[in-house]
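The next block holds one structure in the form of structure tokens; read it before the comments.
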Amino acid sequence: MNDRTKYISGTISILPEKPGCYQFFDSKGTIIYVGKAKNLKKRISSYFNKEHEDAKTRILVNLIHDVKYIIVDSEEDALLLENNLIKQYKPRYNVMLKDDKTFPSIVITKENFPRIIYTRNLIKDGSKCFGPYASVPAARMMVHLIKSLYPVRSCKLSLTPEEIKKEKYKVCLEYHIKRCKGPCVGLQSEADYNRNIAEIKEILKGNSSLVTDHLMKEMQTLSVEMRFEEALVIKEKYTLIENFRSKSTVVPPTLHHIDVFSLEESEHSAYINYMYIGNGAIVQVYTIEYRKRLNETKEELLGLGIIELRSRFKNRTKEIIVPFMPDMVIANCTYTVPQRGGDKKKLLELSLQNVRQYKVDQLKQADKFNPEQRATRILKTIQKDLQLPFLPIHIECFDNSNLQGTNPVAACVVFKKAKPIKKEYRHFHIKSVSGPDDFASMKEVVTRRYSHLKDENEPLPQLIIIDGGKGQLSAAVEVLQHLELLDKITVVGLAKRLEEIFFPGDPVPLILDKTSETLKVIQQLRDEAHRFGITFHRNLRSKKQVVSELDSIKGIGKQTKETLLTKYKSVKRLKSVSVEELTEMIGKRKAEIITNEFAKS
């Protein structure tokens, strides 16, 4: 495997399984192909893990020396971004558009009593433009939704106050079918019409919650006043808006010549993502990493990144979108920190997604080349999240198993440096507890485990995970207090329902983020303890079944039993064997004894 292949393989191994756009670069750093994917990892991997029939694809794959990607929220967004990138870079191996068509947008025209239309051409007369949308059907559906919610005109009449006063217009079919309130003949005031337009703008911006909140209050008022038919009309509007999820979140065409920066930190590094927006498209995306030297603040680091990247790409935009104010003043340039939902906020969130993914990718890459460093990093994360006094190099987890209330057993699994040490796993037969009693069972196994380790002066864990809630945790704490080990070992309980982590004496559980490395390690411990315990329990039940049905038969010795189980594998199969077949194997007398005994059961 050459250096190029190793590099590409390493890059693919850390790709996210998220929607986005990918770019292939040749040996000179030129973009030769841009593509979109619902799942970046699967799509990019498909280029390299099979032989392609198409000669053009084979040539493309042989020319690839690097892979970059941009993650987005949906497959539709990936389609829009792909279109923008192809137009910007004109990659050699992409099918180029033969015309300059763009994706459709929705426009609120600048005129008296504005109209709502969809178009592929940007209208630069002051009209408000929203989109783009991934397809004409998506834009049409949005216009249809709006017109079903609000009676707006579709005619092209000039509805100035002077023209309306002349009474030269008549209401059309749209008025009679209640899709328009007749502003052309003065039946709807401009103020009332513009209130509807204001709500439509909020929906198209993606701020539909402002409208639905208003509709909910109006619906409740009508219900209190027992005006149920009117309330039902409002409810239908409310339901339509709540079900609407078609708005694109990439870049609206009204945004132009803007920089977007975001920052994410780790213990030793700061990652800064940069996006340049030009002509309603993402034109440039780049992420850099700074190695921290001193106690630099995030404001200082972001300021350094902004100066570096604007200098590198020779950009002179007059507006920069940032998550917080950086410690850097730039002449003739203003910072914008989006505070609420809107187009700029969505761009900042997209930049944050990409910088966070870059951070994850860099950590994965480092982990591959230095497993010891990865283990230390994970253990430090666990120590920080659980506020442990010691680095949890040695962790143990307990789980009880008493399926159907029989054969109660328990399992203890051992992790060292965040990895399972299977040779140190232990099973326990519950001896002092009769019936299913998880609390008493936990008390017994924890006593047996740590009494032994203490008596033999063997290494103790820094952290114990109890699979269960407050009851099982209290039982374990009681034992550790009695053994005078509670000051040396931290013990926590993991509740199954919401993955809550309970600490002794604290009624409020810790709930970690679902993507937390700490939670993943604890879940792995819990799942491994459960698997180990269940396997032991099933084997135990299986052995007891064999003992009760074969060993208890008088006249059938150990050798005969082994012969039969070696051939038929289980008692269940053995029961289906005919007397004649058994006779051939073990003789007539033994065959009749076994058959008669099975007939009784």
Side-chain angles (χ1 to χ4, degrees), residues 386 388-390 392 394-416 420-422 424-510 521-541 544:
L386 301 185
L388 304 177
F390 311 107
H394 179 175
I395 308 175
E396 297 188 355
C397 180
F398 291 87
D399 177 52
N400 289 332
S401 178
N402 54 7
L403 295 178
Q404 300 170 342
T406 63
N407 308 318
V409 297
C412 170
V413 298
V414 179
F415 275 34
K416 291 183 178 177
I421 309 296
K422 295 192 176 183
E424 295 189 23
Y425 287 11
R426 294 292 181 268
H427 286 130
F428 297 89
H429 290 277
I430 305 300
K431 299 175 180 178
S432 63
V433 181
S434 59
D437 186 338
D438 281 344
F439 302 158
S441 298
M442 186 61 68
K443 192 172 181 179
E444 178 187 325
V445 296
V446 172
T447 301
R448 288 165 57 186
R449 172 66 173 169
Y450 297 111
S451 294
H452 171 75
L453 293 184
K454 185 179 179 182
D455 293 344
E456 298 295 325
N457 201 26
E458 292 186 17
L460 294 167
Q462 289 81 39
L463 175 64
I464 299 172
I465 311 291
I466 302 297
D467 182 20
K470 295 179 182 178
Q472 288 95 327
L473 177 61
S474 297
V477 168
E478 186 181 336
V479 172
L480 293 173
Q481 280 178 329
H482 177 71
L483 295 174
E484 298 180 347
L485 296 176
L486 203 53
D487 60 334
K488 300 176 182 178
I489 306 173
T490 300
V491 56
V492 299
L494 179 65
K496 291 182 176 70
R497 192 169 67 88
L498 297 175
E499 307 288 35
E500 303 156 306
I501 299 172
F502 286 95
F503 290 83
D506 191 345
V508 181
L510 171 67
V521 171
I522 291 174
Q523 288 172 331
Q524 187 184 359
L525 275 151
R526 186 268 316 278
D527 295 343
E528 185 69 353
H530 187 66
R531 178 200 63 78
F532 190 57
I534 288 292
T535 302
F536 179 54
H537 191 276
R538 285 174 179 161
N539 291 341
L540 190 64
R541 287 167 57 204
K544 286 197 172 186

Straight-line distance of [X] [atom1] to [Y] [atom2], nearest 0.5 Å:
{"X": "Ile430", "Y": "Met442", "atom1": "CD1", "atom2": "CE", "result": "8.5 Å"}
{"X": "Arg531", "Y": "Arg526", "atom1": "CZ", "atom2": "CZ", "result": "14.0 Å"}
{"X": "Gln523", "Y": "Cys397", "atom1": "CD", "atom2": "SG", "result": "11.5 Å"}
{"X": "Asp467", "Y": "Ile465", "atom1": "CG", "atom2": "CD1", "result": "10.0 Å"}

Using every non-hydrogen atom in the two residues, find where [X] and [Y] come nearest and quote the distance to one decimal.
{"X": "Glu484", "Y": "Asp487", "result": "O-OD1, 3.7 Å"}
{"X": "Ala411", "Y": "Ala529", "result": "CB-O, 3.6 Å"}
{"X": "Pro461", "Y": "Leu453", "result": "CD-CD1, 4.5 Å"}
{"X": "Leu486", "Y": "Gln481", "result": "CD2-CG, 3.3 Å"}
{"X": "Gln462", "Y": "Phe390", "result": "CG-CB, 3.9 Å"}

**OP:** Please step through side-chain contact (heavy atoms from CB on, under 4.5 Å) for the pair Phe428 and Cys412, ending with a clear verdict.
**Re:** CA-CA 8 Å; Phe428 297 89; Cys412 170; 3.9 Å; yes

Original post:
With a cut-off of 6.0 Å (strictly less than), are more than 12 heavy atoms of other residues, nucleotides or ligands near CD of Glu458?
Top reply: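 It does: Glu458 CD has more than 12 such atoms within range.
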
Original post:
Any chance NZ of Lys454 has more than 12 other-residue heavy atoms, nucleotides or ligands included, within less than 6.0 Å?
Top reply: yes

Are any of the side-chain heavy atoms of [X] and [Y] separated by less than 4.5 Å?
{"X": "Asn400", "Y": "Ser441", "result": "yes"}
{"X": "Phe398", "Y": "Gln472", "result": "no"}
{"X": "Ile395", "Y": "Ile522", "result": "no"}
{"X": "Thr490", "Y": "Leu386", "result": "no"}
{"X": "Tyr425", "Y": "Pro420", "result": "yes"}

Original post:
Hey, are Lys443 and Glu478 close enough for a salt bridge, meaning a charged N less than 4.0 Å from a carboxylate O?
Top reply: yes

Original post:
Any ion pair linking Glu396 and Arg426 (charged N to carboxylate O, less than 4.0 Å)?
Top reply: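 Salt bridge flag = no for Glu396 with Arg426.
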
Subject >> Stepwise side-chain contact (heavy atoms from CB on, under 4.5 Å) test for Leu494 and Glu499 >> reply: CA-CA 6 Å; Leu494 179 65; Glu499 307 288 35; 4.1 Å; yes

**OP:** Specify whether Phe532 and His427 have parallel, tilted or perpendicular ring planes, treating 30° as the upper limit for parallel and 60° as the lower limit for perpendicular.
**Re:** parallel

Original post:
Between Glu424 (side chain) and Val413 (backbone), is there a donor-acceptor pair under 3.5 Å?
Top reply: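 Not confirmed, Glu424 side chain does not pair with Val413 backbone.
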
Subject >> Test log, rule side-chain contact (heavy atoms from CB on, under 4.5 Å), inputs Lys416 and Val414 >> reply: CA-CA 7 Å; Lys416 291 183 178 177; Val414 179; 4.2 Å; yes

**OP:** List the steps, then state whether side-chain contact (heavy atoms from CB on, under 4.5 Å) holds for Ser451 with Leu483.
**Re:** CA-CA 7 Å; Ser451 294; Leu483 295 174; 3.6 Å; yes

Subject >> Sole residue of Leu473, Leu480, Leu525, Val492 in side chain to side chain contact (heavy atoms under 4.5 Å, CB included) with Ile464 >> reply: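 Looking at Leu473, Leu480, Leu525, Val492, the match for Ile464 under the side chain to side chain contact (heavy atoms under 4.5 Å, CB included) is Leu480.
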
Original post:
Name the one of Val477, Val446, Val479, Leu463 that satisfies side chain to side chain contact (heavy atoms under 4.5 Å, CB included) with Val491?
Top reply: Val477

